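Heads up: the structure comes next, in structure tokens.
In this text the structure is predicted, and so the values were computed from the model without any measurement.
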Amino acid sequence: MGKNTEKGIKSSAVDAAETTDSAATATTADTGTTAAPRRRQARGERRISQLLAAAAGVFCRTGYASASTNAIAREAGVSPGTLYQYFPNKEAIAVELGGQLLQRAHEMHGQAFRPENLRRPLPELLDAVLDPVIAFNCENPAFWALMHGTGVPGIAQEHEELHVGMLTRIEAVLRDFRPEAPAHELAHTSNMILGIFKSSLDLILAHEGDERAAYIAELKTVLLRYLEPMITRTPPH
């Protein structure tokens with residue numbers, strides 16, 4: 001995992017902790033009597049954020065299968081006993097982290113597939129949809145590490161729902177361009193688009209800087225050349 005990603009993970013954990021501390025301070029001023037429990041709650045939430053940030057780093061470096069609670073505790077700078085106060089095992093950590101990332105992924109997909117983006121010409125549409133999806137995966141490499149090959153039931157089911165949702169969105173875009181196309185053809189094309197994207201994302205995540213930008217450009221070129229012959233008209237306005 002790159003330095004920028006590590007900083008982003010730590011920054012998110014700090015932001016969450018500061019928000020919780022602010023809420024606890026406000027409660028102290030208003031009531032006084034609940035100050036101690038709220039402070040304990042704030043410390044607990046801050047610790048959970050710390051452990052999840054550490055787990056994200058470990059999962060990215062070693063993969064989920066090779067990660068251990070000892071490695072996560074060491075990354076977080078706490079004892080294994082402290083970790084077990086919050087999470088009973090590695091799977092529970094993965095489910096919590098994966099759930100948070102999946103929620104953010106759903107929100108990002110909604111932004112990427114906004115109606116105004118889908119009314120753009122094909123090259124601009126590809127930019128509008130692909131750029132935020134790629135950026136999310138680059139900024140959250142733990143998402144890719146957790147969603148592929150972990151075998152954690154809770155994550156696998158939710159990731160499948162995300163996958164199906166993405167296919168549904170892609171099919172809807174294609175249907176706007178090709179309303180006359182049969183359903184099975186749109187399904188095949190949608191699966192191919194998503195397959196091309198996922199294969200390319202491996203290369204994109206494995207590189208940084210100019211090399212990453214080059215692979216992103218290549219992905220867009222591949223999809224543009226694949227889709228252009230199929231698009232016979234501009235999308236509806």
Using the test side chain to side chain contact (heavy atoms under 4.5 Å, CB included), find all partners of [X] that sit at least two apart in sequence or belong to another chain.
| X | result |
| --- | --- |
| Glu211 | His207, Tyr215 |
| Ser68 | Asn70, Ala71 |
| Glu107 | Gln103 |
| Pro88 | Ala92 |

For this session: Give me the one residue out of Leu83, Val152, Leu51 that meets side-chain contact (heavy atoms from CB on, under 4.5 Å) with Ile93.
Result: Leu83
Problem set entry | Arg225: which of Val222, Leu223, Thr221 passes side-chain contact (heavy atoms from CB on, under 4.5 Å) | Thr221
Nearest 0.5 angstrom please: [X] [atom1] to [Y] [atom2], how far?
| X | Y | atom1 | atom2 | answer |
| --- | --- | --- | --- | --- |
| Ile204 | Ile216 | CD1 | CD1 | 5.0 Å |
| Thr189 | His184 | OG1 | NE2 | 9.5 Å |
| Leu219 | Leu130 | CG | CG | 5.5 Å |
| Gln50 | Ile48 | CD | CD1 | 11.0 Å |
| Met166 | His106 | CE | NE2 | 10.5 Å |
| Ile155 | Leu97 | CD1 | CG | 7.5 Å |

Do the non-hydrogen side-chain atoms of [X] and [Y] ever get within less than 4.5 Å of each other?
| X | Y | value |
| --- | --- | --- |
| His188 | Glu185 | no |
| Met230 | Glu228 | no |
| Leu174 | Leu227 | yes |
| Glu139 | Arg104 | no |

Exercise. Relative to the ring of Phe143, is the ring of Phe136 parallel (under 30°), tilted (30 to 60°) or perpendicular (over 60°)?
Worked result: perpendicular
Check residues 193-203 and write down every donor-acceptor pair under 3.5 Å in which the side-chain atom is one partner and the other belongs to a residue at least two apart or another chain.
| residue | atom | partner | partner atom | Å |
| --- | --- | --- | --- | --- |
| Lys198 | NZ | His163 | ND1 | 2.9 |
| Ser199 | OG | Gly195 | O | 3.1 |
| Ser200 | OG | Ile196 | O | 2.8 |
| Asp202 | OD1 | Trp144 | NE1 | 3.0 |

What are the two closest non-hydrogen atoms of [X] and [Y], and how far apart are they?
| X | Y | answer |
| --- | --- | --- |
| Ala145 | Phe59 | CB-O, 3.8 Å |
| Ala187 | Glu171 | CA-OE2, 3.8 Å |
| Ala142 | Cys60 | N-SG, 3.2 Å |
| Ala112 | Val129 | O-CG2, 3.6 Å |
| Glu116 | Arg120 | O-CG, 3.7 Å |

Problem set entry | Sequence neighbours excluded, every pair satisfying salt bridge (Lys or Arg N to Asp or Glu O under 4.0 Å) that has a member inside residues 152-170 | none
Exercise. Lys220: what forms a salt bridge (charged side-chain N to carboxylate O under 4.0 Å, His left out) with it, not counting sequence neighbours?
Worked result: Asp127, Asp131
For this session: Could you pull out all residues at least two apart from Arg212 that satisfy salt bridge (charged side-chain N to carboxylate O under 4.0 Å, His left out)?
Result: none
Problem set entry | Counterpart residues, ring-ring contact (aromatic ring centres under 6.0 Å, His included), relative to Phe87 (two or more places apart) | none
Exercise. Taking only residues two or more places apart in sequence or in another chain, which ones pass ring-ring contact (aromatic ring centres under 6.0 Å, His included) with His159?
Worked result: His148
Exercise. For residues 83-94, which residue pairs qualify under side-chain hydrogen bond (donor to acceptor under 3.5 Å, both in side chains), counting only residues two or more places apart or in two chains?
Worked result: Thr69-Tyr84
For this session: Before giving the answer on side chain to side chain contact (heavy atoms under 4.5 Å, CB included), spell out for Val58 and Arg74 the whole-Å C-alpha distance, their side-chain angles and the decisive distance to 0.1 Å.
Result: CA-CA 10 Å; Val58 173; Arg74 186 164 53 250; over 6 Å; no
For this session: Would you check if the side chain of Asn117 reaches a backbone N or O of Phe113 as a donor-acceptor pair within less than 3.5 Å?
Result: no
Exercise. With sequence neighbours left out, what residues match Thr82 under side-chain hydrogen bond (donor to acceptor under 3.5 Å, both in side chains)?
Worked result: Ser79
Problem set entry | CA sep, side-chain torsions, deciding dist, call: Glu180, Arg178, salt bridge (Lys or Arg N to Asp or Glu O under 4.0 Å) | CA-CA 5 Å; Glu180 78 290 348; Arg178 302 187 62 204; 3.8 Å; yes
